[in-house]
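In what follows, residues are counted from 1 in the order of the sequence shown. Just so it is clear, the structure is predicted and the values come from calculations on it, not from any experiment.
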Amino acid sequence: MQRVAKCVAAFAFLFAQAAAGQTTVVKAGRLVRPENGTVAKDQFILISGNKIQAVGAELAIPTGATVIDLSEATVLPGLIDCHTHLADGKYGEGDPMLQLKKSASQTVLESVRNARATLESGFTTVRDLGVYRALNDVALRDAINRGDIIGPRMFVAGAYITITGGAGAMTGMAPDITLPWNFHYGEANSPWEVRQKVRLLAHDGADHIKVLATGAVLTHGSNPKSQEFTLEELQAAVDEASHFGLRVAAHAHAPEGIKNAIRAGVASVEHATLIDDEGIALAKQHGTYLDMDIYDEECIQEQGKNGTLPADFLQHDRELGELQRQNFRKAVEAGAKMVFGTDAGVCDYGTAAKQFKFMVKYGMTPMQAIQAATSSAADLLGRSDELGSVQPGKYADLIAVEGDPLKDVSALEQVGFVMKDGVVYKQR
Ligand SMILES: [Zn+2]
């Protein structure tokens, strides 16, 4: 339980603590309900321990309950970023090869700040999609769950499953350099090798599987326009993951890689940069979520200007940013299923909400953008019964902002109140 010292008194909230077993009532001036796309006025949210018990305009406040007055604010369910990399250490170091200068423990301890900044910016849950050093994300998730450190609910991939030298591999070394095992844990070069990696990751505590279907922008020697895993390898990943109850997220920029991933049955396509009309139609047909990180182009260009990003990464990125934004618009107009994901780590931790403005600029209504980061994200995680809206039985994950994010979605960049699991982590 922490009070955030840096917060100033911009909000006239009463500070209140919701500990396990305690009853709390949150008074919400406006409550955004992504589950049906509406906003309710003057609602009471009754919380017992870490769960929401009741929501309504006429609830009686139980004797002894802690009351949190957000009657001047807009309350929303905690936000969910469906594409993060919280456990790769300090932000902004540019070249992934610099990871080799640190031990696994240094990297994961540097990541403590990333987790906290993410939660304090209003993201109470993340779907983390891979680490350079395998299983650092599992360590970070478990430390948060134990209460040792502060951060969002993390669902983690454990490692990247990638071809040798591919988008998720640590590349750029001389051929006679041997990497430690945890830098190439997920390398696989046949359907059976893919199955073996899925089995290992399921055993090691992964919550989902991340595969790399095409090349990447931020990898040495990788071409984002090329296909990497074959259809057979992607099918092996989805089938094997299903044996463990795990879903698969596929990184894909190139159109054929996107379509192979959808046909193989992945739950989501990450980036979907060069998705074509056929790919959008296939995604709709299969019910595949598109997770398009359309803000981070700003940070790639910024890092390019100040010289912190390797030149070959900038070469890969040329023109892709704008094409991705145009394709995002096409996918929204076609009615494809979309979630909010930022590839956090490309931009700094705690700044993910800046993407909302871009999602609205490129075709979504503010409510659609909020749904992408709440109810739809919970559906992608397979946890609609626990997350993604403020309803009885769900985790007490709430945020609040001043103003009306349905008129100006950038209000979500200034989250003044954060509750996760019934505990208040930020209030100003
Ligand atoms: Zn990523």
Side-chain angles (χ1 to χ4, degrees), residues 82-83 85 127-132 157-171 184-198 201 206 208-242 246-293 316-317 320 323-324 327-328 331 336-339 341 343 346 380:
C82 292
H83 190 142
H85 302 280
R127 176 172 167 263
D128 205 74
L129 286 185
V131 266
Y132 289 117
Y160 298 112
I161 301 187
T162 178
I163 65 166
T164 298
M170 178 62 71
T171 55
H184 62 96
Y185 187 82
E187 257 180 44
N189 292 290
S190 70
W192 283 105
E193 285 188 12
V194 167
R195 286 181 187 273
Q196 185 214 12
K197 298 303 179 183
V198 171
L201 286 165
H208 46 253
I209 296 298
K210 169 75 176 292
V211 294
L212 288 290
T214 75
V217 172
L218 306 179
T219 308
H220 295 295
S222 181
N223 179 359
K225 294 181 181 169
S226 333
Q227 186 178 318
E228 291 190 344
F229 273 136
T230 63
L231 176 62
E232 291 77 10
E233 287 165 326
L234 295 167
Q235 286 168 329
V238 171
D239 181 57
E240 194 64 37
S242 76
L246 304 181
R247 298 182 179 196
V248 178
H251 157 111
H253 293 293
E256 287 312 314
I258 293 168
K259 286 182 267 194
N260 279 344
I262 295 170
R263 289 191 180 108
V266 302
S268 68
V269 174
E270 307 303 311
H271 314 296
T273 309
L274 300 174
I275 193 166
D276 57 18
D277 292 344
E278 188 190 15
I280 291 171
L282 269 179
K284 282 189 69 176
Q285 187 191 329
H286 288 256
T288 315
Y289 275 104
L290 303 179
D291 190 2
M292 300 177 76
D293 49 339
H316 294 164
D317 188 57
L320 288 184
L323 284 170
Q324 188 195 29
N327 289 333
F328 175 91
K337 286 163 74 176
M338 316 278 287
V339 283
D343 212 357
V346 176
L380 171 58

Strictly distance-based, threshold 3.5 Å: is any side-chain N or O of [X] a donor or acceptor partner for the main-chain N or O of [Y]?
X: Lys210; Y: Leu129; result: yes
X: Ser222; Y: Gly215; result: no
X: Thr219; Y: Ala167; result: yes
X: Thr214; Y: His253; result: yes
X: His208; Y: Asp128; result: yes

Criterion side-chain contact (heavy atoms from CB on, under 4.5 Å) on Leu282 and Arg263, from CA distance to verdict: CA-CA 8 Å; Leu282 269 179; Arg263 289 191 180 108; 3.7 Å; yes

Side chains of Tyr185 and Leu201 in contact at under 4.5 Å (non-hydrogen atoms):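 Yes, side chains in contact.
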
Side chains of Leu212 and Ile161 in contact at under 4.5 Å (non-hydrogen atoms): no

From Glu228 atom CD to Asn223 atom CG, the distance as rounded to the nearest 0.5 Å: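 Taking CD in Glu228 and CG in Asn223, the distance rounds to 8.5 Å.
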
Separation between OG1 of Thr273 and CZ of Phe328, rounded to the nearest 0.5 Å: 12.5 Å

What residues form a ring pair (Phe, Tyr, Trp, His ring centres under 6.0 Å) with [X], not counting sequence neighbours?
X: Tyr132; result: none
X: His83; result: His85, His271
X: His316; result: none

Output all residues satisfying side-chain hydrogen bond (donor to acceptor under 3.5 Å, both in side chains) with [X], sequence neighbours left out; order by chain, then residue number.
X: Thr230; result: Glu232, Glu233
X: His220; result: Asp95, Asp312
X: Glu187; result: Thr164

Qualifying residues under side chain to side chain contact (heavy atoms under 4.5 Å, CB included), relative to Ala267, sequence neighbours excluded: Arg247, Leu380

Residues forming a side chain to side chain contact (heavy atoms under 4.5 Å, CB included) with Arg195, sequence neighbours excluded: Trp192, Arg199, Ala236, Asp239, Glu240, His243

Considering all heavy atoms of both residues, which atom of [X] and which atom of [Y] are nearest to each other, and what is their separation?
X: Glu270; Y: Ala249; result: OE2-CB, 3.9 Å
X: Ala169; Y: Thr162; result: N-CG2, 3.7 Å
X: Leu231; Y: Asn260; result: CD1-O, 3.4 Å
X: Gly158; Y: Val131; result: O-CG2, 3.6 Å
X: Ala254; Y: Ser226; result: CB-N, 4.2 Å
X: Ala213; Y: Gly257; result: CB-O, 3.9 Å

Met338, Lys337, Arg127 screened by side chain to side chain contact (heavy atoms under 4.5 Å, CB included) with Ser268, the one that passes: Arg127

Result of checking Val238, Val266, Val198 against Ile209 for side chain to side chain contact (heavy atoms under 4.5 Å, CB included):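 Only match with Ile209 under side chain to side chain contact (heavy atoms under 4.5 Å, CB included): Val198.
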
Pairs satisfying salt bridge (charged side-chain N to carboxylate O under 4.0 Å, His left out), at least one member in residues 161-170, at least two apart: none

Residues 285-292, side-chain donor-acceptor partners within the protein, below 3.5 Å, at least two apart:
from   : atom 1 : to     : atom 2 : distance (Å)
Tyr289 : OH     : Asp379 : OD2    : 2.6
Asp291 : OD1    : Gly341 : N      : 2.9

Salt bridge (charged side-chain N to carboxylate O under 4.0 Å, His left out) partners for Asp277, two or more places apart: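 Per chain and number, Asp277 pairs via salt bridge (charged side-chain N to carboxylate O under 4.0 Å, His left out) with no residue.
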
Contacts of type salt bridge (charged side-chain N to carboxylate O under 4.0 Å, His left out), residue Lys259, not counting sequence neighbours: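 Salt bridge (charged side-chain N to carboxylate O under 4.0 Å, His left out) check on Lys259 returns Glu256, Asp276, Glu278.
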
Worked verdict on Val269 versus Ile262 for side-chain contact (heavy atoms from CB on, under 4.5 Å): CA-CA 7 Å; Val269 174; Ile262 295 170; 3.8 Å; yes

Derivation and outcome, side-chain contact (heavy atoms from CB on, under 4.5 Å), residues Leu274 and Leu320: CA-CA 8 Å; Leu274 300 174; Leu320 288 184; 3.8 Å; yes

Lys225 atom NZ: more than 12 heavy-atom contacts under 6.0 Å: no

